[in-house]
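Proteins come first, then strands; the chains are lettered A, B, ... in the order of their sequence lines, and each starts at number 1.
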Number of protein chains: 2
Amino acid sequence: MTGPRELRVFEDFVHARGLRMTAERRAICEEIFEQHSHLDAGALLGALRRRRVPVSRATVYRNLDLLVECGLVRRQRLGSGRTLYEHVHAGQEHDHLVCESCGRVVEFVSPGIVALRAEICRAHGFEPQPHGLQILGLCRACAAATKESAHA
Amino acid sequence: MTGPRELRVFEDFVHARGLRMTAERRAICEEIFEQHSHLDAGALLGALRRRRVPVSRATVYRNLDLLVECGLVRRQRLGSGRTLYEHVHAGQEHDHLVCESCGRVVEFVSPGIVALRAEICRAHGFEPQPHGLQILGLCRACAAATKESAHA
DNA sequence: GTGTCTGCAAAGACTTTGCAGTTCC
DNA sequence: GGAACTGCAAAGTCTTTGCAGACAC
């Protein structure tokens with residue numbers, strides 16, 4: 001865990017933009033960096049409420065946008081149309097494996113796939129987006145559950 | 001173009017289920033097989049209306065579900081949360097390259113990436129979903145537009 | 001003090017669902 | 001003739017937006 005460093009970055013960004021720091025901004029920023037990587041706006045709101053931080057849904061959305069703009073957070077559309085946010089952490093370029101059934105997200109690193117993606121993008125005149133490759137599938141538990149219900 | 005073969009498949013499926021064939025079902029099935037691969041429910045509705053086929057939005061959704069169940073159509077969640085439908089055509093297993101900006105979808109075939117996906121899925125206990133790999137990026141036009149506006 | 005923020009509630013996009021009347025078989 | 005189908009309208013989900021009051025600076 002990295003502590004309040006990100007909060008400082010966020011504060012600097014906010015001030016540099018001529019915006020203001022508020023208790024809500026602070027709470028949202030802290031919360032997203034204390035959570036595991038991937039969560040959606042609703043989950044973030046729930047986590048804040050559980051901590052008795054009274055913040056409205058609209059404020060969560062507005063400030064997630066701000067965190068994305070300042071580069072601390074990444075917005076990902078993963079799997080079945082879910083919009084997830086993950087805090088950016090220094091580390092290897094990773095991509096995502098997503099369970100279509102339960103939504104579980106696993107990060108993976110594969111230099112081989114990065115190289116092939118570059119080749120495919122070049123061939124079609126695309127510019128690859130970082131972290132923009134995703135593999136959909138079924139996790140072990142959901143695959144088992146699917147087979148079971150097929151037998152029934 | 002394959003002609004009305006799919007329509008026959010759909011009719012058989014509908015009857016095998018104890019359901020009934022209707023003018024709306026016929027029109028929806030025909031339309032989706034005459035369109036290029038990827039379109040969403042709204043676009044399909046628009047295409048039908050342009051042909052003066054009076055059909056309601058709800059019916060389009062209900063019958064897309066049915067076409068997916070019968071295996072003639074695949075539902076894909078591509079890119080920025082869009083739900084697209086593509087008619088299934090015999091051919092190579094392909095995956096999708098999606099422009100994050102304009103939504104353009106390009107199909108590509110890459111045995112190398114299929115092999116790597118299998119390996120990654122095995123490593124994490126996942127079962128890969130066919131056509132379930134997508135690469136997000138920017139197409140040439142959108143990449144150029146982005147750079148231009150950055151200069152401005 | 002002033003301009004930015006927040007909460008609320010409404011609006012918007014997309015999809016699903018309940019109901020009453022229509023149609024296929 | 002009866003079950004399944006359609007259209008309509010309402011509801012549901014997720015996200016955005018307009019406005020009035022509150023707050024940072």
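- Closest to the side chain of A:Glu24, out of C:dG7, C:dT15, C:dT4, is C:dG7.
- Regarding contacts with the backbone of C:dC14, every side-chain N or O of B:Thr83 stays at 4.0 angstrom or more from both OP1 and OP2.
- Contact check, A:Asn63 against C:dT6: a side-chain N or O comes under 4.0 Å of OP1 or OP2.
- Side-chain contact check for A:Thr83 versus A:Gln76: every heavy-atom pair is 4.5 Å or farther apart.
- Side-chain contact between B:Leu66 and B:Leu64 is absent, with no heavy-atom pair separated by less than 4.5 Å.
- Of the listed nucleotides (C:dT2, D:dA3, D:dC8), D:dC8 has the atom at the smallest distance from the side chain of B:Ser56.
- Where B:Arg26 and B:Arg75 meet DNA chain C, the nucleotide closest to each residue was compared, and B:Arg75 sits on the side nearer the 5' end.
- The side chain of A:Ala58 sits closest to C:dA9 out of C:dA9, D:dA4, D:dC8.
- The nearest whole Å value for the distance from the CZ atom in A:Arg17 to the C1' atom in D:dC25 is 19 Å.
- A salt bridge links A:Glu11 to A:Arg26: one of the charged nitrogens lies within less than 4.0 Å of a carboxylate oxygen.
- Proximity note for A:Arg25 (side chain, C-beta onward) versus C:dT6, D:dA4, C:dG3: the nearest is C:dT6.
- If B:Arg20 and B:Tyr85 are placed on DNA chain C by their nearest nucleotide, the residue sitting closer to the 5' end is B:Tyr85.
- In terms of phosphate contacts, A:Thr22 brings no side-chain nitrogen or oxygen within less than 4.0 Å of OP1 or OP2 of C:dT4.
- Relative to the side chain of A:Tyr61, the nucleotides C:dC24, D:dG7, D:dT16 differ in distance, and D:dT16 lies closest.
- Nucleotide C:dA13 holds its C1' atom 12 Å from the CZ atom of A:Arg77, rounded to whole Å.
- Listed pair B:Thr59 / D:dC5 fails the phosphate criterion, with no side-chain N or O lying under 4.0 Å from OP1 or OP2.
- Relative to the side chain of A:Ala41, the nucleotides D:dA24, D:dT15, C:dG7 differ in distance, and D:dT15 lies closest.
- Judged by distance alone, with hydrogens and angles left aside, A:Arg57 brings no side-chain donor or acceptor close enough to the base of C:dG7 to form a pair under 3.5 Å.
- Ring pair A:His96/A:His38 is perpendicular by interplanar angle, where above 60° counts as perpendicular and below 30° as parallel.
- One can place CG of A:Leu44 at 14 Å from C1' of D:dT15, the figure rounded to the nearest angstrom.
- Rounding to whole angstrom units, CD1 of residue A:Ile28 and P of C:dC5 are separated by 12 Å.
- Put simply, B:His15 has a side-chain N or O that comes within less than 4.0 Å of OP1 or OP2 on C:dC25.
- Base contact: A:Arg62 has a heavy atom under 4.0 Å from a base atom.
- When side chains are defined from C-beta on, B:Leu72 counts as touching B:Phe10, because their heavy atoms get closer than 4.5 Å.
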